[in-house]
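Read the structure below first, then the notes.
Everything quoted here is computed from the prediction, not taken from an experiment.
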Amino acid sequence: MAEQPVDNKGRLRITEIFYSLQGETSLSGLPTVFIRLTGCPLRCHYCDTEYAFSGGQWMLLDEILAQLEHYNTRYVTVTGGEPLAQKASLELMQRLCDQGYQVSLETSGSLSIAAVDDRVSRIVDIKTPGSGEDSKNDYANIDELQTNDQLKFVITKRADYDWAKEIMKQYALDTRCEVLFSPVADQISATDLADWILQDQLPVRFQLQLHRILWGDTAGK
């Protein structure tokens with residue numbers, strides 16, 4: 001059974017708030033404020049944000065919003081950890097949209113996105129077998145997708161790629177929203193993944209993590 005979201009009205013446990021270039025998705029390269037929430041019910045083998053599993057500090061939503069005023073950007077990404085594991089993240093995203101920010105949510109796909117504000121671009125993972133957490137995928141999320149959302153497959157090996165192709169076909173994912181394929185650094189050749197996509201004429205966006213290319217493993221920490 002999926003871990004239930006934590007309800008702390010009016011406040012969130014935050015690991016960090018930082019300003020950087022968007023490293024992934026169709027907004028890659030745009031200056032963005034990232035709000036990283038603490039905690040995640042999953043333990044993917046390739047996770048690069050294990051430092052966000054615990055710790056952090058409690059912040060009122062008003063405090064979070066006030067911090068954003070220091071940055072000259074309209075782009076905000078709510079990430080984690082798993083943001084939807086804290087119920088107050090829904091109110092945070094709604095308030096961000098109300099203030100005119102262009103908001104994206106990075107979520108593991110293990111919790112329902114149904115209650116997320118429709119103005120938010122939801123970046124939803126479908127965990128591959130190589131993650132070790134594919135049994136946690138909430139496939140009901142697929143029916144909630146809109147054209148401003150994106151689905152992401154993180155690929156660790158050829159078997160993941162073939163599995164992802166079948167999931168795409170089964171659910172006709174490319175007719176629902178943009179689909180992203182990303183290689184796991186040090187586990188698979190990015191060139192190989194790009195070649196497979198081209199050979200199969202797969203209707204997906206290939207992406208690399210721009211922040212890792214620029215700043216390595218220290219990005220966002």
Side-chain angles (χ1 to χ4, degrees), residues 1-25 31-71 73 75-96 101 103-113 115-117 120 122-125 127 130-138 152 154 156 182 184-187 209-221:
M1 180 178 295
E3 182 173 315
Q4 295 302 307
V6 177
D7 188 3
N8 283 282
K9 293 182 179 180
R11 65 177 190 159
L12 289 163
R13 185 178 287 276
I14 302 295
T15 292
E16 58 186 344
I17 298 174
F18 63 98
Y19 178 67
S20 187
L21 297 182
Q22 181 64 251
E24 302 179 80
T25 78
T32 302
V33 176
F34 294 83
I35 304 171
R36 188 180 304 285
L37 277 64
T38 305
C40 183
L42 304 187
R43 292 295 183 268
C44 298
H45 295 324
Y46 49 71
C47 182
D48 59 0
T49 54
E50 293 180 352
Y51 64 96
F53 287 168
S54 59
Q57 62 176 328
W58 289 105
M59 295 182 66
L60 296 173
L61 299 188
D62 287 342
E63 293 176 318
I64 297 170
L65 293 167
Q67 282 206 21
L68 302 191
E69 296 176 1
H70 299 294
Y71 304 104
T73 181
Y75 298 98
V76 177
T77 293
V78 180
T79 187
E82 171 50 71
L84 296 180
Q86 299 188 55
K87 287 184 178 180
S89 65
L90 299 173
E91 182 183 351
L92 172 65
M93 289 183 281
Q94 180 181 1
R95 291 181 62 178
L96 288 168
Y101 289 104
V103 183
S104 59
L105 164 70
E106 295 183 344
T107 176
S108 66
S110 65
L111 299 174
S112 175
I113 64 171
V116 177
D117 194 296
V120 174
R122 298 166 298 186
I123 317 303
V124 183
D125 275 25
K127 297 299 184 184
S131 72
E133 294 283 27
D134 53 301
S135 64
K136 308 291 180 57
N137 288 323
D138 183 355
K152 183 173 71 173
V154 178
T156 70
S182 300
V184 176
D186 302 325
Q187 292 193 32
Q209 293 179 304
L210 177 63
H211 49 289
R212 280 181 167 270
I213 295 171
L214 293 174
W215 298 295
D217 290 339
T218 62
K221 297 184 182 181

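- Going from atom OH of Tyr101 over to atom OG1 of Thr73 covers 8.5 Å, rounded to the nearest 0.5 Å.
- Under the rule for a side chain to side chain contact (heavy atoms under 4.5 Å, CB included), the partners of Leu214 that lie at least two apart in sequence or sit in another chain are Leu21, Leu210.
- Contact annotation: the side chain of Glu24 approaches that of Ser182 to within less than 4.5 Å [non-hydrogen atoms, C-beta and beyond].
- Contact check for Thr107 versus Glu82: side-chain heavy atoms found under the 4.5 Å cut-off.
- A distance of 8.0 Å separates OG of Ser20 from NE2 of His211, quoted to the nearest 0.5 Å.
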Practice problem: Apply the test side chain to side chain contact (heavy atoms under 4.5 Å, CB included) to residues Val120 and Ile113: give CA-CA distance (whole Å), side-chain angles for both, the deciding distance (0.1 Å), then the verdict. | Solution: CA-CA 10 Å; Val120 174; Ile113 64 171; over 6 Å; no

Practice problem: Take Gln187 and His45, measure what side chain to side chain contact (heavy atoms under 4.5 Å, CB included) needs, and give me the verdict at the end. | Solution: CA-CA 11 Å; Gln187 292 193 32; His45 295 324; 5.6 Å; no

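- The distance from the OH atom of Tyr71 to the CZ atom of Phe18 is 10.0 Å, given to the nearest 0.5 Å.
- In terms of heavy-atom proximity, Tyr19 sits nearest to Pro31 at OH-CB, 3.3 Å.
- Evaluated for a side-chain contact (heavy atoms from CB on, under 4.5 Å) with Leu105, the options Val76, Leu84, Val124 yield exactly one hit, Leu84.
- Residues passing the side chain to side chain contact (heavy atoms under 4.5 Å, CB included) test with Thr15 are Arg36, Thr38, Tyr51, Ala52, sequence neighbours excluded.
- Rounded to the nearest 0.5 angstrom, Leu42 CG and Lys136 NZ are separated by 5.5 Å.
- Atom CZ of Arg122 and atom CD of Glu106 lie 14.5 Å apart (nearest 0.5 Å).
- In this structure, OG on Ser131 lies 8.5 Å from CG on Asp125, to the nearest 0.5 angstrom.
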Side-chain donor/acceptor pairs under 3.5 Å, residues 88-96, sequence neighbours excluded:
{"from": "Ser89", "atom 1": "OG", "to": "Pro83", "atom 2": "O", "distance (Å)": "3.0"}
{"from": "Ser89", "atom 1": "OG", "to": "Gln86", "atom 2": "O", "distance (Å)": "2.7"}
{"from": "Arg95", "atom 1": "NH1", "to": "Asp62", "atom 2": "OD1", "distance (Å)": "3.2"}
{"from": "Arg95", "atom 1": "NH2", "to": "Asp62", "atom 2": "OD1", "distance (Å)": "2.4"}

Exercise. Could you give me the CA-CA distance, side-chain angles and deciding distance for Thr77 and Thr79, then say whether side chain to side chain donor-acceptor pair (under 3.5 Å) is met?
Key: CA-CA 6 Å; Thr77 293; Thr79 187; over 6 Å; no

Quiz prompt | Candidate pair Glu63 and Ile14, rule side chain to side chain contact (heavy atoms under 4.5 Å, CB included), full reasoning | solution = CA-CA 11 Å; Glu63 293 176 318; Ile14 302 295; over 6 Å; no

Practice problem: Before giving the answer on side chain to side chain contact (heavy atoms under 4.5 Å, CB included), spell out for Asp138 and Leu111 the whole-Å C-alpha distance, their side-chain angles and the decisive distance to 0.1 Å. | Solution: CA-CA 6 Å; Asp138 183 355; Leu111 299 174; over 6 Å; no

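- Of all heavy-atom pairs between Tyr46 and Thr156, the closest is CD2-CG2, 3.7 Å.
- Between Trp58 and Arg13 the shortest heavy-atom distance is NE1-NH2, 2.6 Å.
- We find that Lys127 and Asp134 are not joined by a salt bridge, their nearest charged nitrogen and carboxylate oxygen being 4.0 Å or further apart.
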